[in-house]
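Note that the structure is a prediction, hence the values are computed from the model and not measured.
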Amino acid sequence: MNQTQELGALKSKHNPGKGFTYFAIFTLILFTAISAMIYFEGILAVQEGRLRFSGDISILYWCIAFIMGLGIVILLTALKLSKGKTFYLYEKGILTEGNGAGKIQLFENLDDLYLFSSGRTFITNNIAFRNREEGNWEVITVRYTKVFKAIEFITTQHELLYVPKMQKELAENKPVTFQYISYDTALGKKLFATGTQSFLKVQPKEIILNKDHLIIDAKKIMIADLNHFSVNNWISQISLYNKENKVVFSTATNGIFSGRSFVSLMDKLINQTN
């Protein structure tokens, strides 16, 4: 049996983009042409007496070495950045291929989707996902092709398949645990993180959800007392309000792991309670 048969139809494939690699190859070719011009029209011309040069000719050799060295460094950097795992997104899950191995993860078994924005933008352009028991994050970063399409598809399918599974567990009186990072932590990562691994080094807190209440930071909140969520896009903050229109919990918009699924599940619980 094909190992991807349980995943349904293939929707998209995502791997590191090659644009920077093509640019680096072009740059190296350009630098090579410049170096050849310096050698043939400069160094060789001086040696053959076709060109007068009063300075130290060795400086031209150093120019060639610097230009070619810079071109090679750019190319090696581009090749390094072009390496990475390949992600195949299917209807029901994700196939990750890398280092000669493949791993299948169903959306309904992915506990945490961690969205964050890197670079000089507040637009979400990275998504990390994991099964909490396995612990390791898989990450589709801004370097990947069609990253925004991947983020939208993964969050949509996770909501579609993970939420019903959590509803079933709650109906069986089993607690469901979501994780989150504080607003300050999320903002600090945005301002000071130096790379993907830096973003992923977080110590999340827990939101323990039961069918009639949730526990956040040891505080018990009855679902019957809740009203709605509100999102402030200016400061990238999401807040949960009670029926007295007071905030009982807030964090960064992307601070809740699997946030879209969490809000969907909470809306269902609040609406069925009201």
- Message: Please check if the number of heavy atoms outside Lys246 that lie under 6.0 Å from its NZ is greater than 12.
- Response: no
- Message: Counting C-beta onward and ignoring hydrogens, is there a side-chain heavy-atom pair between Phe31 and Phe66 closer than 4.5 Å?
- Response: no
- Please report the closest heavy-atom contact between Asn232 and Trp234, naming both atoms and the distance. OD1-N, 2.9 Å
- Scanning both residues in full, the closest heavy-atom pair of Gly42 with Leu60 reads C-CD1, 4.3 Å
- Message: For the OG1 atom of Thr156 and the CD1 atom of Ile151, what is their distance to the nearest 0.5 Å?
- Response: 11.5 Å
- Task: Inspect the contact between Glu138 and Lys85 and indicate whether a charged nitrogen and a carboxylate oxygen are less than 4.0 angstrom apart.
- Result: yes
- Query: Hey, mind stepping through Tyr162 and Phe107 against ring-ring contact (aromatic ring centres under 6.0 Å, His included) and telling me if it holds?
  - Reply: CA-CA 6 Å; Tyr162 187 77; Phe107 289 121; over 10 Å; no
- Message: Taking Thr145's backbone N and O only, do any of them form a donor-acceptor pair with His14's side chain (distance below 3.5 Å, no angle check)?
- Response: yes
- Message: Using a 6.0 Å cut-off, check whether atom NZ of Lys92 has over 12 heavy atoms from anything other than its own residue.
- Response: no
- To the nearest 0.5 Å, what is the distance between OG1 (Thr194) and NZ (Lys189)? 8.5 Å
- Task: For residues Ile94 and Thr96, determine if any side-chain heavy atom of one lies less than 4.5 Å from a side-chain heavy atom of the other.
- Result: yes
- Message: Please find the pair of heavy atoms, one from Gln237 and one from Ser250, that lie closest to each other, and give the distance.
- Response: NE2-OG, 3.9 Å
- Message: Under a 3.5 Å cutoff, is there a donor and acceptor pairing between the side chains of Thr177 and Arg132?
- Response: no
- Are there more than 12 heavy atoms of other residues, nucleotides or ligands under 6.0 Å from atom CD of Glu172? yes
- May I ask you to check whether Phe87 and Tyr144 place their ring centres under 6.0 Å from each other? yes
- Message: Give me the atom names and distance for the closest heavy-atom approach of Asn131 to Leu110.
- Response: N-CD2, 4.2 Å
- Task: Let me know which of Lys11, Lys146, Arg260 forms a salt bridge (charged side-chain N to carboxylate O under 4.0 Å, His left out) with Glu152.
- Result: Arg260
- Given side chain to side chain contact (heavy atoms under 4.5 Å, CB included), test Gln179 with Ile207 step by step and report yes or no. CA-CA 6 Å; Gln179 293 188 334; Ile207 300 173; over 6 Å; no
- Message: Are Ile215 and Ile221 packed together at the side-chain level, in the sense that at least one heavy-atom pair is separated by less than 4.5 angstrom?
- Response: no
- The single option from Lys165, Glu159, His158 that satisfies side-chain hydrogen bond (donor to acceptor under 3.5 Å, both in side chains) with Ser261 is His158
- Less than 4.5 Å apart, any side-chain heavy atom of Tyr90 and any of Leu95? yes
- Query: Can you name the closest pair of heavy atoms from Pro175 and Asn210 and give their distance?
  - Reply: CB-OD1, 3.6 Å
- Query: Under 4.5 Å between any side-chain heavy atoms of Tyr183 and Ile235, yes or no?
  - Reply: yes
- Message: Checking the side chain of Ser117 only, and the main-chain atoms of Thr124 only, is there a donor and an acceptor separated by less than 3.5 Å?
- Response: no
- Item | Pairwise side-chain contact, Arg130 with Asn136, heavy-atom cut-off 4.5 Å (strictly under) | no
- Task: Start with the C-alpha distance between Ile223 and Ile270, add both sets of side-chain angles, then the distance that settles side chain to side chain contact (heavy atoms under 4.5 Å, CB included), and finish with yes or no.
- Result: CA-CA 6 Å; Ile223 292 176; Ile270 291 170; 4.2 Å; yes
- Item | Smallest separation among heavy atoms of Ile38 and Cys63, with atom names | CD1-CB, 4.5 Å
- Item | Expected output: side-chain Asn125 to main-chain Ser118 donor-acceptor under 3.5 Å | yes
- Carefully, step by step, assess Leu28 and Met68 under the rule side chain to side chain contact (heavy atoms under 4.5 Å, CB included). CA-CA 7 Å; Leu28 183 60; Met68 291 304 299; 4.1 Å; yes
- Side-chain contact, heavy-atom cut-off 4.5 Å: Ile123 with Phe148? yes
- Quick one: hydrophobic cluster around Val139, which other residues, with the 4.5 Å side-chain cut-off, linked directly or via members? Tyr114, Phe116, Trp137, Ile181, Phe199, Leu200, Val202, Phe257
- Find the distance between CG (Asn233) and OG1 (Thr253) and round it off to the nearest 0.5 Å. 6.5 Å
- Pair Thr32-Ser35, side chain to side chain donor-acceptor pair (under 3.5 Å): steps then yes or no: CA-CA 5 Å; Thr32 300; Ser35 297; over 6 Å; no
- Item | Heavy-atom side-chain contact between Tyr180 and Pro204 under 4.5 Å | no
